[in-house]
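Sequence positions, counted from 1, serve as the residue numbers for this chain.
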Amino acid sequence: MENTLVIVESPAKANTISRYLGKNYKVAASVGHIRDLPASTLGVDVNNDFKPRYITMRGKESVVRDLKNLKENSSSVLLATDPDREGEAIAWHLANILKIDESAQCRITFNEITKKSVEAALDSPHQIDMDLVNAQQARRILDRLVGYELSPLLWKKIRKGLSAGRVQSVATKIIIEREREIKAFIPVEYWLLTAYLRKNIEDPLFRVRYHGKLEGKKVIKYSIDNAEQAETIIKDLTNAEYIVYKVTKRESKRQAKPPYTTSTLQQEASRKLGYTSARTMRIAQQLYEGVNLPEQGATALITYLRTDSVRISPVAIEAARSYIIKQYGNEYLPVKPRYFKNEKAAQDAHECIRPTHFDLSPQSIRHQLTDEQFRLYKLIWDKFIASQMNAAIFDTISADVKAKTHIFRVRGETLKFPGWMKQYGMLPDTQEEESDELTKENLPDLEEGDQLLFDKLESEQKFTKPPARYTEASLIRTLEELGIGRPSTYAPTISTILNRRYIEKDGRSLVPTDLGFLVTELLEEHFEKIIDPNFTAQMEEDLDKVETGEKDWIKLLHEFYPEFHSDVEKADQRIEKVELPVVPINEKCPECKEGDLVIKHGRFGKFIACNRYPNCGYTRAIEVEAPGKCPLCGSGLLEKRAKKRRSSKFYVCDKKGKDPECQFISWDLPSGKNCSVCGSYMVNKKFRGKTYEKCSNKDCVTNKKTKPKIQKKTNTSTNTKKKSVKTLKAKAEIESIDE
């Protein structure tokens, strides 16, 4: 009896696929890549058309041995690695190691791990696509050439442990350019005037914002630049009548956005769930490879997760339309299916990220998923179903209100028909910038000529704000817009520049470090092309051309390398050794009593050390004061960061480790108030960008609600009994904290 060996990357994927294959198939996993360029040397013969030298990766010897044995006992081999460049390259490496003819019909691909898709793939095996393989080889060799020639230069001129890369260095530069904009920003003063009005005495108040002046029949927008101008207008408005001057009513439609790509999924998971890009990809990989469901076994829940395509298969559209009719009725279903167009032909190889089983809604399998799996799966499910639903319809109204010669303006909208929002919710797809426009006022039925009842007039001083720092979500969006990197590179790029300490996280914001500035400035001065976003984007387009067979990959490397190598040699001669600045703190070393303490830069960030090193090895962490007081002893608080999660702050009493010692430690900053119910100290929590107060006692009745609600801060009694501090959940977590 014939026996076919099917090779995939991961054991989880192998387990899922095994369910759909008969006894004549054996499914094995390569456990990722099996061959790569050597880590200790360049591994590329630049004098012989950039011929790479691939070796079996360390630790994969037993995997290769097992695969060879399985191949010997099989009549044929099918390589079922992921349907992208990287997956094609893994298939090619497997073919080389197992001595399979790459021109043989040995390759199968599928965008979703379902019985129908796997069976269809088995019926149509094909050759390994060498254009995809060569595109991946070109990318890998380009990154190796840049990294292995630039990184040693940084070690030599700055310090060991640094790195530079074709994409990571551009990403760092983008963050640094934004920081430069912020530092150079000069705030400009302006004032807002807001009138509070109502139509009838029993009606609720609504707000209108000062817009400008009426000159004849023309409204001229007027900016209030200082307090004097504001006072003049307020004085002129004394005893003014507020009359509706103009009303515009219309019906507006909002269509649903396309389903997720890798980029948009990472952005949305960051904004709505607070997940890092790396965490999002890890969870999505689990959903793609399969989770264990009762009576079904390992089941894949989503399509392939590394895609920049918004294409949807007709089968999936029909399944979604059937679900919408059953769940919501015909009024929510468009007359025609909604298809979305990709910008590039190369993107059409994949589908969007969508559910694979429309009988497995998130709620129906809630208890079989981890919390993070459920939340991400629900996000993907809701987005895809919503993309096939009718538009949301709003009644919008905008009104100009005249007071003497001054014009106030307001806009409002009322949801008339929820459409896709019934599935997806009311939250916007993108993070909206803070605006001074009043766009969500609940307005009465206004008509031109209506005289409104005046309540009060408020003035508020404001200043223009600098551009916001990048978050992971906004950086990924920018990289995608600039054409830098590809779906599989966003998460590892951000992880790399965080690990190298070129940037740090402050909450969700990405903040460049002194080291990041130093490395970027050096690269800008000597490697202008490498760190130019336009050049990097052009290189990505060239790699796409290699993938489609329009460009030769070896020619691409010949076009790039000679000039780059020459720049490296010139820079080596020109650049002097750069020392990171050492900042004294005006404190004597407590250990040797002779040296002065200074702030130094290390692999894990800044720290305090004696300037007599190596004669004196005294070091300590930098203590950052946190606002507020210790809720146990009333002393000050220090802000620290966990070793294993550098973006995670926690707070300790400044008497921790001292005599007398206070044991206070908390992930959340105490608010300085006490719970009016149980007396425990309150902490400040964040939820969707807003801060609210919460009792630190998890057993308090105020914490029994399923979701936190943002409430206005109110004064609570401070003469209540204080409770003992809650320790961190696990001792291991405490031990990992950076003391």
Q: State plainly whether the residues D129 and R107 are in salt-bridge range, i.e. N to O under 4.0 Å.
A: no
Q: Write down the atom of M389, the atom of R338, and the distance for their closest heavy-atom approach.
A: O-CD, 4.0 Å
Q.
Applying ring-ring contact (aromatic ring centres under 6.0 Å, His included), can you list everything that pairs with F384, at least two apart in sequence or on another chain?
A. F358
(Q) Checking side-chain polar atoms at under 3.5 Å, does T303 have a donor or acceptor matched by the opposite partner on E351? (A) no
Q: Grab the two heavy atoms, one from E88 and one from Q127, that are nearest each other, plus how far apart they are.
A: OE2-O, 4.4 Å
Q: Answer yes if the side chains of Q168 and T496 hold a donor-acceptor pair under 3.5 Å, and no otherwise.
A: no
Q. Does the pair D382 and K422 meet the rule for a salt bridge (Lys or Arg N to Asp or Glu O under 4.0 Å), with working shown?
A. CA-CA 10 Å; D382 289 346; K422 187 83 170 178; over 6 Å; no
Q. Looking at CD1 of I353 and CD of E112, how far apart are the two atoms once the value is rounded to the nearest 0.5 Å?
A. 13.0 Å
**Q.** Between NZ on residue K246 and CG on residue L446, distance to nearest 0.5 Å
**A.** 14.5 Å
Q. Is there a donor-acceptor contact under 3.5 Å linking the side chains of S270 and Q266?
A. no
Q) Rounded to the nearest 0.5 Å, how far does CD1 of I476 lie from OG1 of T471? A) 8.5 Å
Q: In plain terms, say whether E268 and R271 are close enough for a salt bridge, that is, a side-chain N and a carboxylate O under 4.0 Å apart.
A: yes
Q) Could E472 and R508 be called an ion pair, given the rule that one side-chain N must be under 4.0 Å from one carboxylate O? A) no
Q: State, without any angle test, whether D308 and T261 hold a side-chain donor-acceptor pair at a distance under 3.5 Å.
A: no
Q. If only atom types and distance count, is the side chain of R209 paired as donor or acceptor with the main-chain N or O of L192 below 3.5 Å?
A. no
Q. If we ignore angles and hydrogens, is there a donor and acceptor under 3.5 Å between the side chains of Q363 and S361?
A. no
Q. Do the side chain of S117 and the main chain of K115 share a donor and acceptor less than 3.5 angstrom apart?
A. no
Q. Which heavy-atom pair separates P259 from V310 by the least distance, and what is that distance?
A. O-CG1, 4.1 Å
Q) Closest approach of A80 and E9, non-hydrogen atoms and distance? A) O-OE1, 4.3 Å
Q: Inspect the contact between D400 and R411 and indicate whether a charged nitrogen and a carboxylate oxygen are less than 4.0 angstrom apart.
A: no
**Q.** ring pair (Phe, Tyr, Trp, His ring centres under 6.0 Å): pairs with one or both residues in residues 279-337, sequence neighbours excluded
**A.** Y288-Y304, Y304-H350, Y323-W381, Y328-Y332, Y332-F417
Q: Please step through side chain to side chain contact (heavy atoms under 4.5 Å, CB included) for the pair Y275 and E372, ending with a clear verdict.
A: CA-CA 9 Å; Y275 293 172; E372 60 182 10; 3.4 Å; yes
Q) So, Q538 versus D542: side-chain donor-acceptor pair below 3.5 Å or not? A) yes
Q) If every non-hydrogen atom of I128 is compared with every non-hydrogen atom of A95, which pair is closest and at what distance? A) CD1-CB, 3.8 Å
Q: Verify, without hydrogens or angle tests, whether T493 (side chain) and T489 (backbone) share a donor-acceptor contact under 3.5 angstrom.
A: yes
Q: Kindly give the heavy-atom pair with the smallest separation between H357 and A300, and that separation in Å.
A: CD2-O, 3.0 Å
Q | Presence of salt bridge, E177 and K173, under 4.0 angstrom | A | yes
Q: May I ask you to decide whether E413 forms a salt bridge with R254, counting only side-chain N to carboxylate O separations under 4.0 Å?
A: yes
**Q.** Residues that E86 engages under salt bridge (charged side-chain N to carboxylate O under 4.0 Å, His left out), provided they are two or more places apart
**A.** none
